[in-house]
2 protein chains.
Amino acid sequence: MIHHDITDYLEALFNIQRGEQRKLASELGLQQIHLQILYYLERCNRYSDSLLVLTEFLGQTKGTVSTSVALLVKKGYLIKQPDPVDKRKSHLQLTPTGKDAAARQSALWQAGQTLLGESQSEQVRQALDILLRQLQQANGHKVFGACHSCQHLCCNEDGHHCGLTNEALSSAELQQICVYHQEFCND
Amino acid sequence: MIHHDITDYLEALFNIQRGEQRKLASELGLQQIHLQILYYLERCNRYSDSLLVLTEFLGQTKGTVSTSVALLVKKGYLIKQPDPVDKRKSHLQLTPTGKDAAARQSALWQAGQTLLGESQSEQVRQALDILLRQLQQANGHKVFGACHSCQHLCCNEDGHHCGLTNEALSSAELQQICVYHQEFCND
DNA sequence: ATAATTAAGTTTCGATTCGAAACTATAATA
DNA sequence: TATTATAGTTTCGAATCGAAACTTAATTAT
């Protein structure tokens, strides 16, 4: 048996992911960056659905993202909901069309999800967890995690809330990407 | 402990990979697509270093890829080596500058590679192998694997050769991406 | 052998991405 | 009230992107 690095598998999975994303984008008449925007907006929470946070997530300039978002609005994939308090801000919200496109992206992984037995699945989870945390530290860059791995998360008998904003968090919100996310530091 | 899907980890790893690639591209004054081209050319074999195969790998049109390749040639990342037999073809070869950029992309994974113990690594490899094969079948798209997982690979006491082209393959070549790659079918 | 077809790659076109920088409007601070 | 910071848009030039026409070389059919 010829030796495979784990990274070989990850690279192969990346190539599939990229290929499928491009295929879907082409089918919808969009660019890949548009699907990445829809992916992010499907997963982020109410603190993180602004243009500037999206800009930070994508690693592009705000002018570029502003243009791409404007096109997605024009094509009916999302709408800009003005913030009731801060008149400068808008909340980017997926339309049903946008949610459908985002869901089709996720569908790729659903197939693989049920294929691994639970015990084996657990080992992969543990290994990927180590790999992920090390890469996060090694690269020292913003990670955009969800509440469940955030040091601001507080749990008590009533449920969960964010220690930074002091607002209650539903269990659904614990899974969402947050701009305030702060990984635990193991040093 | 809140449950994490394996796909959550893979998505997080993808986001890191994408962010790092964009960061490197920005530093070099390139676009991400250029790094993807350099990545591919660093890994593909002598049957697969043409513009059309690259086009198939990237999932773009040949006009688009032709333009991007021309820019990479102009910037000194690669050269076009005319095929001695077929005058229509060119072999895309990385210059030292191109190899350096490709190597810097791979460096991201080197850090994670040594962190996982060998035994754990083996289990993760097996699970990812299952995941990869299932996703390949589920999506039924061209996968661009290397010789070691190709049904054309023949092994004997003298070494390896390709059953399709009948040419000998060095052990280094067994690791390279090939356009003729045909996955074993388990049905 | 010549003609028709296929294959490899380039060029052109219009729409869009991309980064940089200037700009507008609102909010926060001094 | 004046200054500064924040959120986002607009403008500009270069490059990507897909589609389609085009060039040249190889292959196939007649």
Side-chain angles (χ1 to χ4, degrees), chain A residues 18-19 21-38 41 44 46-75 77-93 179-180, chain B residues 18-19 21-38 41 46-75 77-93 179:
Chain A
R18 194 167 46 75
Q21 191 176 59
R22 195 175 287 277
K23 201 189 290 180
L24 178 58
S26 171
E27 186 184 326
L28 297 174
L30 299 174
Q31 302 290 336
Q32 282 193 287
I33 192 67
H34 297 137
L35 290 184
Q36 289 167 15
I37 290 172
L38 299 178
L41 292 177
C44 75
R46 54 197 145 119
Y47 307 133
S48 313
D49 58 357
S50 67
L51 188 135
L52 283 189
V53 182
L54 177 58
T55 293
E56 195 178 0
F57 177 77
L58 294 173
Q60 298 185 318
T61 61
K62 55 186 180 179
T64 296
V65 178
S66 177
T67 309
S68 294
V69 163
L71 190 101
L72 282 171
V73 169
K74 198 182 83 180
K75 292 198 172 181
Y77 287 89
L78 49 89
I79 60 171
K80 288 184 193 174
Q81 192 70 43
D83 187 283
V85 177
D86 190 332
K87 292 182 183 173
R88 296 170 304 177
K89 290 186 186 175
S90 281
H91 296 271
L92 302 174
Q93 297 183 336
V179 66
Y180 299 134
Chain B
R18 193 167 47 76
Q21 191 176 59
R22 193 176 291 278
K23 202 188 292 180
L24 178 58
S26 171
E27 187 184 325
L28 297 174
L30 300 174
Q31 303 290 335
Q32 282 192 286
I33 192 68
H34 296 138
L35 291 183
Q36 289 166 15
I37 290 172
L38 299 179
L41 292 177
R46 54 194 145 122
Y47 307 134
S48 312
D49 59 357
S50 68
L51 188 136
L52 284 189
V53 181
L54 176 59
T55 293
E56 196 178 0
F57 177 77
L58 295 173
Q60 298 184 318
T61 60
K62 55 187 180 178
T64 296
V65 178
S66 176
T67 309
S68 294
V69 163
L71 189 101
L72 282 172
V73 169
K74 198 182 82 179
K75 291 198 173 181
Y77 288 88
L78 48 89
I79 58 171
K80 287 184 193 174
Q81 192 70 44
D83 188 283
V85 177
D86 189 333
K87 291 182 184 173
R88 296 170 306 177
K89 289 187 186 174
S90 280
H91 296 270
L92 303 174
Q93 296 183 336
V179 65

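Below, chain A is the first sequence line, B the second, and so on; all start at residue 1.
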In whole angstroms, how far is the P atom of D:dA15 from the CD1 atom of A:I33?
-> 20 Å
Check: B:L78 and B:L38 side chains under 4.5 Å, non-hydrogen atoms | yes
Gap between atoms CD and P, on B:Q60 and C:dT10 respectively (whole Å) | 15 Å
Would one find a side-chain N or O of A:S66 under 4.0 angstrom from OP1 or OP2 of D:dT9?
-> yes
Contact nearer the 5' end of DNA chain C, comparing A:K74 with B:S50 | B:S50
Within the side chain of B:R22, is there an N or O that forms a donor-acceptor pair under 3.5 Å with the backbone of A:Q60?
-> no
To the nearest 0.5 Å, what is the distance between CG (B:L58) and CD1 (B:I33)?
-> 4.5 Å
Return the value, rounded to whole Å, for the distance between atom NZ of A:K23 and atom C1' of D:dG18.
-> 18 Å
B:H34 side-chain proximity, nearest of D:dA19, D:dT16, C:dG9 = D:dT16
Value in whole Å for how far the C1' atom of C:dT17 lies from CD of B:Q31 | 8 Å
How would you label the contact of A:K80 with the nucleic acid (heavy atoms, under 4.0 Å): base, sugar-phosphate, or nothing?
-> sugar-phosphate
To the nearest Å, give me how far apart NZ (A:K75) and P (C:dA15) are.
-> 12 Å
A:L30 CG to D:dC17 C1', straight-line distance once rounded to whole Å = 13 Å
Base, sugar-phosphate, or nothing for A:V53, non-hydrogen atoms under 4.0 angstrom?
-> nothing
Of D:dA7, C:dA8, C:dT17, the nucleotide closest to the side chain of A:T67 is C:dT17
Where is the tightest heavy-atom contact between A:L51 and A:K62, given as atom of each residue plus distance?
-> CD2-O, 4.0 Å
Side chains of B:L28 and B:K75 in contact at under 4.5 Å (non-hydrogen atoms) = no
Give A:V69 one of three labels, base, sugar-phosphate or nothing, depending on what nucleic acid heavy atoms sit under 4.0 Å from its own.
-> nothing
Can you check the B:L92 CG to C:dA8 C1' distance for me, whole Å?
-> 12 Å
Contact class for B:S90 (heavy atom, under 4.0 Å): base, sugar-phosphate, or nothing?
-> sugar-phosphate
For B:K62, report the nucleic acid contact type (base, sugar-phosphate, nothing); a contact means any heavy atom under 4.0 Å.
-> base
Got a donor-acceptor pair under 3.5 Å from the side chain of A:T64 to the base of C:dG19?
-> yes
Could you check A:S68 against A:D86 and say which one's nearest nucleotide on DNA chain C is further toward the 5' end?
-> A:S68
In whole angstroms, how far is the P atom of C:dT17 from the CG atom of A:L35?
-> 12 Å
Please answer whether the main-chain N or O of B:R18 pairs with a side-chain N or O of B:Q32 as donor and acceptor at a distance below 3.5 Å.
-> yes
Looking at the side chain of B:K87, which of C:dT17, D:dA26, D:dT16 is the nearest nucleotide?
-> D:dA26
For the side chain of A:R88 and the base of D:dT6, is some donor closer than 3.5 Å to an acceptor across the two?
-> yes
